[in-house]
Amino acid sequence: MDGNGRWAKARGLPRNLGHRKGVDAVREVVKACPDLGIEYLTLYAFSTENWKRPASEVSGLMDLLRIFIRSELEQLRRNGVRVRVIGNRSRLPADIVALVDEAEAKTLGNSRLTLIIALSYGSQDELVMAARRLAEAALRGEIKPEQIDAGMIERNLLTAGIPDPDLLIRTSGEQRLSNFMLWQAAYSELVFTDTLWPDFGRAELAAAIAEYGRRERRYGASSA
């Protein structure tokens, strides 16, 4: 969800106001997903690299997360949205971890849309953690190295039980994965748009889905 800072700068506003406007886009996109037939939506909210940003901006983003969960949780629950959070929670403030736990618990039984929030998430860290878990299991004699396959790796990723993304959208003109779901996006269709995230809504999401519908997905095979 890129472009919050540039959206604010273009209007002579502080970056954090751009992030606040970005929350409005989140609300609209989450609301649009079930109407468009989307069952899983993952939002890359905060990466492991984002911790390098100025402390004031990080603090502002954490405050926004607090506000979003507290203000939207009941509405999400009523609308059948299940919340899941993936990422390294050890670096998050304790109160945010508690809010995340509450959001996941209160929406556990919902199935209209699964909203996955990637928070303090980095795909390389995720893969390293999965490799360590499998190595430790091998050392304990629970598995043999030759038994490790793609399915076993997938079951040890933070996204275990979540389908791989069919479509990956990146806003604001950036054209790279930036450490997002490197394993899971192996066969995702990629759509890059110049639209800044605060201006991204239902119409832009529908346009990206329409573009996805024009693609031929062969998964390495030749076309018929």
Side-chain angles (χ1 to χ4, degrees), residues 1-36 38 40-73 75-76 81 83 85-87 91-93 96 99 113 115-123 165-182 185 188-215:
M1 300 180 289
D2 297 305
N4 293 341
R6 277 166 281 176
W7 184 93
K9 183 178 180 180
R11 291 159 178 77
L13 301 171
R15 286 178 62 87
N16 280 340
L17 288 184
H19 294 312
R20 288 182 180 274
K21 183 65 175 176
V23 170
D24 293 336
V26 168
R27 189 178 295 112
E28 182 175 351
V29 167
V30 169
K31 185 177 180 181
C33 280
D35 297 337
L36 294 170
I38 298 171
Y40 291 85
L41 170 68
T42 302
L43 299 176
Y44 201 4
F46 194 87
S47 74
T48 50
E49 290 74 29
N50 287 156
W51 290 109
K52 301 174 186 176
R53 292 187 177 187
S56 59
E57 184 175 353
V58 171
S59 177
L61 286 167
M62 292 297 137
D63 286 342
L64 267 182
L65 182 62
R66 293 181 178 97
I67 292 169
F68 177 78
I69 295 176
R70 288 167 179 158
S71 63
E72 302 296 323
L73 178 55
Q75 185 74 16
L76 292 170
V81 178
V83 176
V85 176
I86 61 173
R91 298 188 67 177
L92 297 172
I96 287 184
L99 284 171
L113 170 71
L115 172 61
I116 303 110
I117 301 174
L119 182 64
S120 190
Y121 171 85
S123 187
D166 294 304
L167 172 62
L168 192 155
I169 305 168
R170 183 156 189 175
T171 58
S172 85
E174 304 289 355
Q175 297 188 28
R176 57 182 179 272
L177 293 181
S178 293
N179 202 13
F180 180 68
M181 290 194 172
L182 301 177
S188 298
E189 295 296 323
L190 310 180
V191 169
F192 302 108
T193 173
D194 290 332
T195 302
L196 303 178
W197 175 250
D199 295 324
F200 193 94
R202 178 186 291 264
E204 290 75 18
L205 178 60
I209 294 171
E211 170 60 27
Y212 167 83
R214 291 189 286 269
R215 307 277 180 89

By ring pair (Phe, Tyr, Trp, His ring centres under 6.0 Å), which residues pair with W197, not counting sequence neighbours?
F200
Contact list for residues 9-23, test salt bridge (Lys or Arg N to Asp or Glu O under 4.0 Å), sequence neighbours left out
R15-E57
To the nearest 0.5 Å, atom CG of L115 lies from atom SG of C33 at 8.5 Å
Checking F180 now: which residues fulfil ring pair (Phe, Tyr, Trp, His ring centres under 6.0 Å) with it, not counting sequence neighbours?
Y44
Quick one, V30 and L76 - any side-chain contact, counting heavy atoms below 4.5 Å?
yes
Find the distance between NE2 (H19) and CZ (F68) and round it off to the nearest 0.5 Å.
15.5 Å
From L168 CG over to L190 CG, what is the distance, rounded to the nearest 0.5 angstrom?
5.5 Å
Hits for side-chain hydrogen bond (donor to acceptor under 3.5 Å, both in side chains) against S56, two or more places apart or cross-chain, chain-then-number order -> none
Sorted by chain and residue number, the side-chain contact (heavy atoms from CB on, under 4.5 Å) partners of L65 (sequence neighbours excluded) come out as I69, I96, L119
Look up atom CG in L177 and atom CZ in R170, then write down how far apart they are to the nearest 0.5 Å.
8.0 Å
Any side-chain heavy atom of L205 sitting closer than 4.5 Å to one from I169?
yes
Provide the closest heavy-atom pair for G18 versus W7 in the form atom of the first, atom of the second, distance.
CA-CE3, 4.0 Å
Is any side-chain heavy atom of I67 closer than 4.5 Å to one of V23?
no
Just to verify, what does A45 make a side-chain contact (heavy atoms from CB on, under 4.5 Å) with, not counting sequence neighbours?
M1, I117
Polar side-chain atom of E204 near backbone of G201 as donor-acceptor pair, under 3.5 Å
yes
Which residues pass the salt bridge (Lys or Arg N to Asp or Glu O under 4.0 Å) test with E72, not counting sequence neighbours?
R27
Output the distance between atom CG (L167) and atom CG (L41), rounded to the nearest 0.5 Å.
10.5 Å
What pairs meet the salt bridge (Lys or Arg N to Asp or Glu O under 4.0 Å) rule with one or both residues in residues 191-203, with sequence neighbours excluded?
D35-R202
Over all heavy atoms of both residues, which pair between P165 and S188 is shortest? Give the atoms and the distance, please.
O-OG, 2.6 Å
Contacts of type side-chain contact (heavy atoms from CB on, under 4.5 Å), residue S59, not counting sequence neighbours
D63
Of all heavy-atom pairs between P34 and L113, which one has the smallest distance, and what is that distance?
CG-CB, 4.1 Å
Set of side-chain hydrogen bond (donor to acceptor under 3.5 Å, both in side chains) partners for S123, sequence neighbours left out:
none
So, taking the atom named OG in S71 and the one named CZ in R66, what distance separates them when rounded to the nearest 0.5 Å?
13.5 Å
Which atom pair, heavy atoms only, marks the closest approach of G122 to N179?
CA-ND2, 3.5 Å
Closest approach of L196 and S172, non-hydrogen atoms and distance?
CD2-CB, 3.6 Å
If you apply the rule side chain to side chain contact (heavy atoms under 4.5 Å, CB included), what do you find for Q75 with V81, and how did you get there?
CA-CA 9 Å; Q75 185 74 16; V81 178; over 6 Å; no
By salt bridge (Lys or Arg N to Asp or Glu O under 4.0 Å), R6 pairs with (sequence neighbours left out) E174
If you compare all heavy atoms of N16 against all heavy atoms of L64, which two are closest, and at what distance to 0.1 Å?
O-CD1, 4.4 Å
Strictly below 4.0 Å, N to O, side chains only: are R214 and E211 in salt-bridge contact?
yes
With sequence neighbours excluded, tell me which residues meet ring pair (Phe, Tyr, Trp, His ring centres under 6.0 Å) with Y40.
none
